[in-house]
Undergrad: 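Please read through the structure below; I'll follow up with questions.
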Amino acid sequence: MTPARVLIDTCVLFARVPRGLVLGAAEHGLIAPFWSQRILEEWRRSALRQGGDPDEVAQTIARMQTRWPDAALPIDADLETSLALPDPGDAHVVAAAAGRVGAVLTFNIRDFPARVLAGQGLVAHHPDGFLWQLQSEHPALFESLVTPIAARHSAETPRAVRNLLKRALLPRLGKAIEAYLG
């Protein structure tokens, strides 16, 4: 199986639980993760603005760049300026992904209209549905990804794990994990 080539948007990297699950899936070869330097910089700035630990963010970015040295995609500046998206600030995401990956993983689905993405050979996936699909194909592997994350958040029962994932905007995945662990 060839892993799906997925560009990870800033909002997915920003949130610890989804980031951990997505990068865990990548570590196990379920996806091939991509981003741009601008996405990493947006994440760093956002995390620091929200009171995140600068060392933790820097170390995570360094680990990602070491583990996936070819994951940083250049932004096609001409394409970026020509795109009409609901949030013009997201054009750089499509301009990095177009022609290089098949999907954009983002919580901001409305900011990436299907008609615009289709013109670039892309689709947008919400992390909940995307991770749920991966979990349905690899339930034991996802249990191994969720367990340490749940432990860090003191989610010791299947119901607590479901609630943790729900708070992380992954309710469908949470329900599937609860059923699997139940």
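Bear in mind the structure is a predicted one, so any value in this text is a computation, not a measurement.
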Undergrad: For the residue pair P3 and A32, what are the closest heavy atoms and their distance?
TA: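 That closest heavy-atom pairing would be CB-N, 3.8 Å.
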Undergrad: Does any non-hydrogen side-chain atom of L30 lie less than 4.5 Å from one of L141?
TA: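 Touching, per the 4.5 Å side-chain cut-off.
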Undergrad: By side chain to side chain donor-acceptor pair (under 3.5 Å), which residues pair with T106, not counting sequence neighbours?
TA: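 Side chain to side chain donor-acceptor pair (under 3.5 Å) check on T106 returns D9.
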Undergrad: Can you name the residues that form a side chain to side chain contact (heavy atoms under 4.5 Å, CB included) with D55, not counting sequence neighbours?
TA: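 D55: side chain to side chain contact (heavy atoms under 4.5 Å, CB included) contacts with D53, Q59.
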Undergrad: Verify side chain to side chain donor-acceptor pair (under 3.5 Å) between E41 and Q37, making sure each step is shown before the conclusion.
TA: CA-CA 6 Å; E41 182 56 24; Q37 286 305 125; over 6 Å; no
Undergrad: Got a second to check how far L105's CG is from C11's SG, nearest 0.5 Å?
TA: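 The distance works out to 8.0 Å.
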Undergrad: Kindly give the heavy-atom pair with the smallest separation between A84 and V116, and that separation in Å.
TA: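 Smallest interatomic distance, heavy atoms only, reads O-CG2, 3.8 Å.
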Undergrad: I need the minimum non-hydrogen distance between L48 and G52, along with the two atoms involved.
TA: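 Heavy-atom minimum between the residues: CD2-O, 3.8 Å.
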Undergrad: Are I177 and L165 packed together at the side-chain level, in the sense that at least one heavy-atom pair is separated by less than 4.5 angstrom?
TA: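 Contact flag for I177/L165 side chains = yes.
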Undergrad: With rounding to the nearest 0.5 angstrom, report the CG to CG distance, L13 to L23.
TA: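 Reported value, rounded in 0.5 Å steps: 6.5 Å.
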Undergrad: Please collect all side-chain hydrogen bond (donor to acceptor under 3.5 Å, both in side chains) contacts where either partner lies in residues 10-30, sequence neighbours excluded, each pair once.
TA: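 Only T10-E42, R16-E56, E27-R67 qualify under side-chain hydrogen bond (donor to acceptor under 3.5 Å, both in side chains).
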Undergrad: Checking R49 now: which residues fulfil side chain to side chain donor-acceptor pair (under 3.5 Å) with it, not counting sequence neighbours?
TA: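 Checked R49 against side chain to side chain donor-acceptor pair (under 3.5 Å); matches are S46.
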Undergrad: Taking salt bridge (Lys or Arg N to Asp or Glu O under 4.0 Å) as the test, write out the residues that go with R63, two or more places apart.
TA: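 R63 satisfies salt bridge (Lys or Arg N to Asp or Glu O under 4.0 Å) with no other residue.
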Undergrad: How would you list, by chain and number, every residue that makes a salt bridge (Lys or Arg N to Asp or Glu O under 4.0 Å) with R38, sequence neighbours excluded?
TA: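 Here the qualifying residues are E80.
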Undergrad: Let me check something: do W132 and L21 share a hydrophobic cluster, defined by ILVMFWY side-chain heavy atoms less than 4.5 Å apart, either directly or through other members?
TA: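 No, W132 and L21 fall in different hydrophobic clusters.
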Undergrad: Taking side chain to side chain contact (heavy atoms under 4.5 Å, CB included) as the definition, give me every residue that meets it alongside R110, ordered by chain and number, with sequence neighbours left out.
TA: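 Partners of R110 under the side chain to side chain contact (heavy atoms under 4.5 Å, CB included) test: none.
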Undergrad: Supply the atom-to-atom distance R115 CZ to Q120 CD, rounded to the nearest 0.5 angstrom.
TA: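 Spacing of CZ (R115) from CD (Q120) equals 12.5 Å.
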Undergrad: Take F142 and L131 through the side chain to side chain contact (heavy atoms under 4.5 Å, CB included) test and state the conclusion after the steps.
TA: CA-CA 9 Å; F142 260 78; L131 291 169; 3.9 Å; yes
Undergrad: Taking the side chain as everything from C-beta on, heavy atoms only, tell me whether D111 gets closer than 4.5 Å to L85.
TA: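 D111 vs L85: side chains apart.
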Undergrad: Please report the shortest heavy-atom distance between V57 and A47, naming the atom on each side.
TA: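 Closest pair (atom of V57, atom of A47, distance): CG2-CB, 3.7 Å.
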Undergrad: Just grab all the side-chain hydrogen bond (donor to acceptor under 3.5 Å, both in side chains) pairs involving residues 147-158, residues at least two apart or on different chains.
TA: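 Residue pairs with at least one partner in residues 147-158: there are none.
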Undergrad: For the side chain of D128 and the backbone of L173, is there at least one donor-acceptor N/O pair under 3.5 Å apart?
TA: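 Present.
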Undergrad: Would you check if P33 and V6 make a side-chain contact, meaning some heavy-atom pair closer than 4.5 Å?
TA: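 In short, these two side chains do not touch, never coming nearer than 4.5 Å.
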Undergrad: Got L122 and L7 here, is their nearest side-chain heavy-atom distance under 4.5 Å?
TA: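 A side-chain contact is absent here, since even the closest heavy-atom pair is not under 4.5 Å.
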Undergrad: Check side chain to side chain contact (heavy atoms under 4.5 Å, CB included) between A71 and all other residues, then give those that pass, not counting sequence neighbours.
TA: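 In terms of side chain to side chain contact (heavy atoms under 4.5 Å, CB included), with neighbours along the sequence ignored, A71 is linked to F34, W35, W68.
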Undergrad: Do side-chain atoms of R5 reach the backbone of A97 as a donor and acceptor pair under 3.5 angstrom?
TA: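 Side chain of R5 to backbone of A97, a donor-acceptor pair under 3.5 Å: no, none is there.
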Undergrad: Nearest 0.5 angstrom please: M64 CE to W43 CH2, how far?
TA: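 So the CE of M64 and the CH2 of W43 are separated by 5.0 Å.
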Undergrad: Taking the side chain as everything from C-beta on, heavy atoms only, tell me whether Q65 gets closer than 4.5 Å to L40.
TA: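 Of all side-chain heavy-atom pairs linking L40 with Q65, at least one is under 4.5 Å.
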Undergrad: Would you list the pairs meeting ring-ring contact (aromatic ring centres under 6.0 Å, His included) in which at least one residue belongs to residues 74-97, sequence neighbours left out?
TA: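 Non-adjacent pairs meeting ring-ring contact (aromatic ring centres under 6.0 Å, His included): zero.
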Undergrad: What's the shortest heavy-atom distance between I75 and A96, and which atoms?
TA: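 That would be CG1-CB, 4.0 Å.
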Undergrad: Which residue pairs satisfy the side-chain hydrogen bond (donor to acceptor under 3.5 Å, both in side chains) criterion with at least one member in residues 160-182, sequence neighbours excluded?
TA: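 Every side-chain hydrogen bond (donor to acceptor under 3.5 Å, both in side chains) pair that includes a residue of residues 160-182, provided the two are not neighbours, is R162-E178.
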Undergrad: For the residue pair L83 and A95, what are the closest heavy atoms and their distance?
TA: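 Distance-wise, the nearest heavy atoms are CD1-N, 4.2 Å.
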Undergrad: Mind checking whether V146 and V161 have side chains closer than 4.5 Å, heavy atoms only?
TA: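 In short, these two side chains touch, coming nearer than 4.5 Å.
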Undergrad: For F107, enumerate each residue passing the ring pair (Phe, Tyr, Trp, His ring centres under 6.0 Å) test, keeping only those at least two apart in sequence or located in another chain.
TA: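 Once residues adjacent in sequence are excluded, the partners of F107 under the ring pair (Phe, Tyr, Trp, His ring centres under 6.0 Å) criterion are H126.
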Undergrad: Answer whether the closest heavy-atom distance between the side chains of V22 and I8 falls below 4.5 Å.
TA: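 Contact flag for V22/I8 side chains = yes.
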